[in-house]
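All values below were derived from every heavy atom in this structure, side-chain atoms included, with hydrogens, water molecules and symmetry-related copies excluded. Just so we're clear, the structure is a prediction, and the values are computed from it rather than from any experiment.
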There are 2 protein chains.
Amino acid sequence: MTSPTIYDVARAAGVATSTVSRAFSNPQRVSAPTRELVVQVAAELGYSPNPHARALTSRRTQTIAMVVSDITNPHFFEIIRGAELRAKASAHTLVLVNAEESPRIEREQINRLSRSVDGFLLAASRLPEDDLVELAGSHALVMVNRQVPGIPGVVLDQREGCRQLVTHLASLGHTSLAYLTGPRESWMAASRWAAIRDAAAEAGMTAVRMGPFTPRVTHGAAAADAALTTGATALIAHNDLLAIGVLQRLAARSVRVPDDVSVTGFDDIFAAELCTPSLTTLGGTHVNLGRAAVELLLEAADAPRRPGAAAQHLVLPSQLVLRDSTGLARGRRGPA
Amino acid sequence: MTSPTIYDVARAAGVATSTVSRAFSNPQRVSAPTRELVVQVAAELGYSPNPHARALTSRRTQTIAMVVSDITNPHFFEIIRGAELRAKASAHTLVLVNAEESPRIEREQINRLSRSVDGFLLAASRLPEDDLVELAGSHALVMVNRQVPGIPGVVLDQREGCRQLVTHLASLGHTSLAYLTGPRESWMAASRWAAIRDAAAEAGMTAVRMGPFTPRVTHGAAAADAALTTGATALIAHNDLLAIGVLQRLAARSVRVPDDVSVTGFDDIFAAELCTPSLTTLGGTHVNLGRAAVELLLEAADAPRRPGAAAQHLVLPSQLVLRDSTGLARGRRGPA
DNA sequence: AACATCATGGCAACTGCTTGCCGCTCGGAT
DNA sequence: ATCCGAGCGGCAAGCAGTTGCCATGATGTT
């Protein structure tokens with residue numbers, strides 16, 4: 001009934017338990033013939049190592065936790081999917097944690113899991129930078145879509161992406177834009193605004209920031225209303241969900257998109273190409289974000305705290321997806 | 001540096017390690033004053049139990065695995081979210097596994113995790129029933145959106161939901177429908193077809209089944225083309241993704257929806273209300289599916305194999321969401 | 001007063017695997 | 001012939017808890 005242990009295998013193979021152990025966890029430490037014998041006997045007995053016993057002494061759990069700030073946001077799912085795929089490829093288990101946009105929950109869950117996992121993937125973490133630095137001291141950490149000095153991370157290129165986005169709007173004749181920003185704690189929101197502002201200045205556009213808004217569809221109404229008061233003809237929403245909510249509100253208020261105002265989002269979620277009008281958005285291959293993040297984490301866990309080596313920061317390309325929600329600025333229609 | 005153990009706590013509190021252990025894992029086994037002392041000393045020392053050491057002897061891991069057949073499908077997000085929420089509420093950890101529509105991967109991953117988790121949530125499992133029954137013999141199992149005799153599970157009510165859906169179509173004057181079915185291994189697909197067929201017969205409609213189709217947007221084209229050959233005026237796609245693909249193909253072929261044909265889906269994913277035309281679909285609160293599934297699993301893990309008690313099957317209500325993709329059958333327009 | 005019962009704390013064996021250290025063997029260098 | 005080191009297997013002490021069993025004293029019973 002109860003599953004076999006290394007003792008059973010050792011006895012059956014006529015070797016010591018340490019040999020069995022090594023045959024599995026440190027194969028090159030054992031001669032080929034012995035290893036094969038052990039492996040074969042183990043297979044016959046249906047032995048497989050107990051992960052908890054293994055973790056107890058070795059402190060390696062083959063498990064990584066992914067903490068997302070809000071599991072409700074479909075854009076995370078691509079990241080999660082990429083992470084799961086990559087983790088599975090390395091025989092690692094992926095634990096999923098939803099921080100529900102709460103720094104407190106985020107912190108609690110990290111503490112709770114700190115013994116059970118090899119490291120954390122923090123996606124769009126809402127924790128203050130100090131906390132993160134402190135955590136990084138005792139845990140392997142990889143940030144996703146947030147840059148923290150000294151902590152490895154992967155992000156989608158915002159600077160360049162935002163520049164393209166703003167340039168696109170400028171080329172359509174827009175001269176003023178409004179950025180509908182996300183949560184106060186969101187590093188992404190700050191980073192996007194900085195990039196947008198700079199790009200706007202460069203393109204000779206005026207840029208204002210409104211918000212913060214909770215980046216959900218339902219909060220698009222408030223965002224749209226606020227944006228309209230600015231007179232801006234180009235609205236850049238913090239993400240696609242908010243943008244879709246904005247589109248809905250504009251439609252309800254009979255503001256035509258893109259004839260009266262242009263609207264853009266971020267993330268290129270699945271729904272972005274289905275909504276009406278379809279949404280111009282700054283996307284990128286989020287699957288790769290997840291994948292790369294796991295990769296970084298596995299490296300970090302292997303070579304823990306190599307002191308000299310700076311924390312790796314990967315910047316993956318974003319890409320501007322042009323759809324129907326952006327068009328010539330008002331008054332720029334027809335033959336120039 | 002290294003975190004304190006029960007030994008440290010025991011020494012500091014002047015009690016035996018067993019007392020410390022019990023104070024945490026079996027509080028009523030220890031008198032209130034002693035327990036409080038231990039808890040307080042533990043707090044001062046920053047002690048928290050090592051989950052692996054705990055799991056090693058007790059065989060309880062406070063972890064549950066959720067295996068989904070295809071993480072790509074947004075409809076699972078909601079289920080996952082519900083499960084995560086409920087698991088967290090009981091201080092359990094949720095492990096996420098993507099079976100990538102492959103029974104082999106599904107089986108492998110279950111085996112791999114069998115020692116590390118208290119039980120499995122199998123969402124839309126593609127495993128043959130025999131395998132499931134066998135697994136249920138050695139693991140706590142809860143099926144999500146699949147019914148297997150003898151194994152507890154939660155499903156959204158298909159029979160009643162499909163009846164409503166078909167009745168809705170009949171009331172619009174449709175007399176023939178086509179069901180664009182999902183994967184061969186999908187229990188859901190079979191179950192839906194059975195319910196649709198019966199309801200159609202009851203309503204005096206003819207019903208044909210086409211497929212199987214992979215339930216993704218990209219496969220909607222083939223599904224639409226196949227459906228059109230049948231002459232049916234009402235198309236019921238296996239899920240919303242497929243339905244959206246069908247809508248796109250129909251638009252490309254200039255078939256008007258709902259004027260020429262009506263289209264419906266299942267799941268009521270976020271995109272269903274955004275696509276054009278918006279999609280009539282059979283939804284339900286998937287969050288609750290996830291939540292209920294975890295609940296059942298926790299129960300099952302608590303009272304393992306109570307022999308007399310039949311496996312619990314929960315049937316949650318589905319709900320028909322009427323949108324713009326269904327309308328009067330061709331020739332039924334205008335005043336009757 | 002004698003005895004059964006119960007709540008409580010401690011002892012120690014046990015969970016299944018890892019790993020530092022030791023010692024043997026054997027090939028090659030001296 | 002001697003020495004050295006590499007390669008390999010074994011010993012045994014952990015890792016951090018859990019839990020069956022026992023001893024003790026307090027409480028209850030008749």
Side-chain angles (χ1 to χ4, degrees), chain A residues 1-39 41-42 45-63 91 112-118 301-302, chain B residues 1-42 45-63 91 112-118 301:
Chain A
M1 202 65 256
T2 164
S3 47
T5 71
I6 45 168
Y7 295 97
D8 302 320
V9 177
R11 194 173 331 113
V15 298
T17 60
S18 48
T19 304
V20 178
S21 171
R22 289 196 270 253
F24 283 95
S25 53
N26 195 2
Q28 71 277 27
R29 181 64 175 70
V30 145
S31 71
T34 315
R35 185 194 326 137
E36 274 153 32
L37 169 68
V38 168
V39 167
V41 170
L45 265 55
Y47 165 80
S48 76
N50 179 318
H52 296 293
R54 190 172 253 200
L56 189 53
T57 45
S58 71
R59 285 169 192 301
R60 271 172 274 109
T61 64
Q62 303 277 97
T63 300
R112 203 174 75 74
L113 290 173
S114 74
R115 299 284 246 309
S116 341
V117 304
D118 290 344
D302 264 6
Chain B
M1 198 66 255
T2 164
S3 46
T5 70
I6 44 170
Y7 294 95
D8 303 319
V9 177
R11 194 173 330 112
V15 298
T17 61
S18 48
T19 303
V20 178
S21 171
R22 289 197 268 253
F24 284 94
S25 54
N26 195 2
Q28 72 277 28
R29 181 64 176 71
V30 147
S31 70
T34 316
R35 185 194 325 139
E36 274 153 32
L37 169 68
V38 169
V39 167
Q40 197 205 316
V41 170
L45 265 57
Y47 165 80
S48 76
N50 178 317
H52 295 294
R54 192 171 248 197
L56 188 54
T57 45
S58 71
R59 285 167 192 303
R60 271 172 272 108
T61 63
Q62 304 277 98
T63 300
R112 202 174 76 75
L113 290 173
S114 74
R115 299 285 246 310
S116 342
V117 303
D118 291 344

Between atom OH in Tyr7(B) and atom P in dC15(D), what is the gap in whole Å? 9 Å

For Arg35(B), report the nucleic acid contact type (base, sugar-phosphate, nothing); a contact means any heavy atom under 4.0 Å. nothing

What is the nucleic acid contact for Thr5(B), judged by heavy atoms within less than 4.0 Å: base, sugar-phosphate only, or nothing? sugar-phosphate

Would Arg11(B) and Val9(B) satisfy side-chain contact (heavy atoms from CB on, under 4.5 Å), going step by step from the backbone distance to the final call? CA-CA 5 Å; Arg11(B) 194 173 330 112; Val9(B) 177; over 6 Å; no

Output the single nucleotide from dG9(D), dC15(D), dG17(D) whose closest atom is nearest the side chain of Leu56(A). dC15(D)

Using a heavy-atom cut-off of under 4.0 Å over every strand shown, decide if Val15(A) touches base, sugar-phosphate, or nothing. sugar-phosphate

Does the Ser21(B) side chain pair with the main chain of Thr17(B), one donor and one acceptor, at a distance under 3.5 Å? no

First and last nucleotide of DNA chain C in contact with chain B, 5' to 3', at under 4.0 Å to a heavy atom: what are they? dT8(C) to dG16(C)

Taking the nucleotide of DNA chain C with the nearest heavy atom to each, does Arg115(B) or Thr34(B) sit closer to the 5' end? Thr34(B)

Of Val30(A) and Tyr47(B), the one whose closest DNA chain D nucleotide lies more 5': Val30(A)

side-chain N/O Ser31(A) vs dG9(D) OP1/OP2, d < 4.0 Å: yes

Do Val38(B) and Val30(B) touch side chain to side chain, with heavy atoms closer than 4.5 Å? no

Calculate the interatomic distance between Arg60(B) atom CZ and dT19(D) atom C1'; express it in whole Å. 11 Å

What integer distance in Å separates Phe24(B):CZ from dA16(D):C1'? 13 Å

From CZ of Arg29(A) across to C1' of dA6(D) the rounded distance in Å is 11 Å

Nearest-Å distance for atom pair CZ/P, residues Arg11(B) and dA16(D): 12 Å

If we only count heavy atoms from C-beta on, is the Arg115(B) to Ser48(A) side-chain gap below 4.5 Å? yes

Name the nucleic acid region contacted by Arg22(A), choosing base, sugar-phosphate or nothing; use a 4.0 angstrom heavy-atom cut-off, strictly under. base

Heavy-atom side-chain contact between Tyr47(B) and Val41(B) under 4.5 Å: no

Here the gap from Ile6(B) atom CD1 to Leu45(B) atom CG, rounded to the nearest 0.5 Å, amounts to 13.0 Å

Assign each of His52(A) and Ser58(A) to its nearest nucleotide of DNA chain C by heavy atoms, then name whichever residue's nucleotide is nearer the 5' end. His52(A)

Between His52(B) and the options Ser58(A), Pro51(A), Ser116(A), the side-chain contact (heavy atoms from CB on, under 4.5 Å) test singles out Ser116(A)

Is the phosphate of dG9(D), meaning OP1 or OP2, less than 4.0 Å from a side-chain N or O of Ser18(A)? no

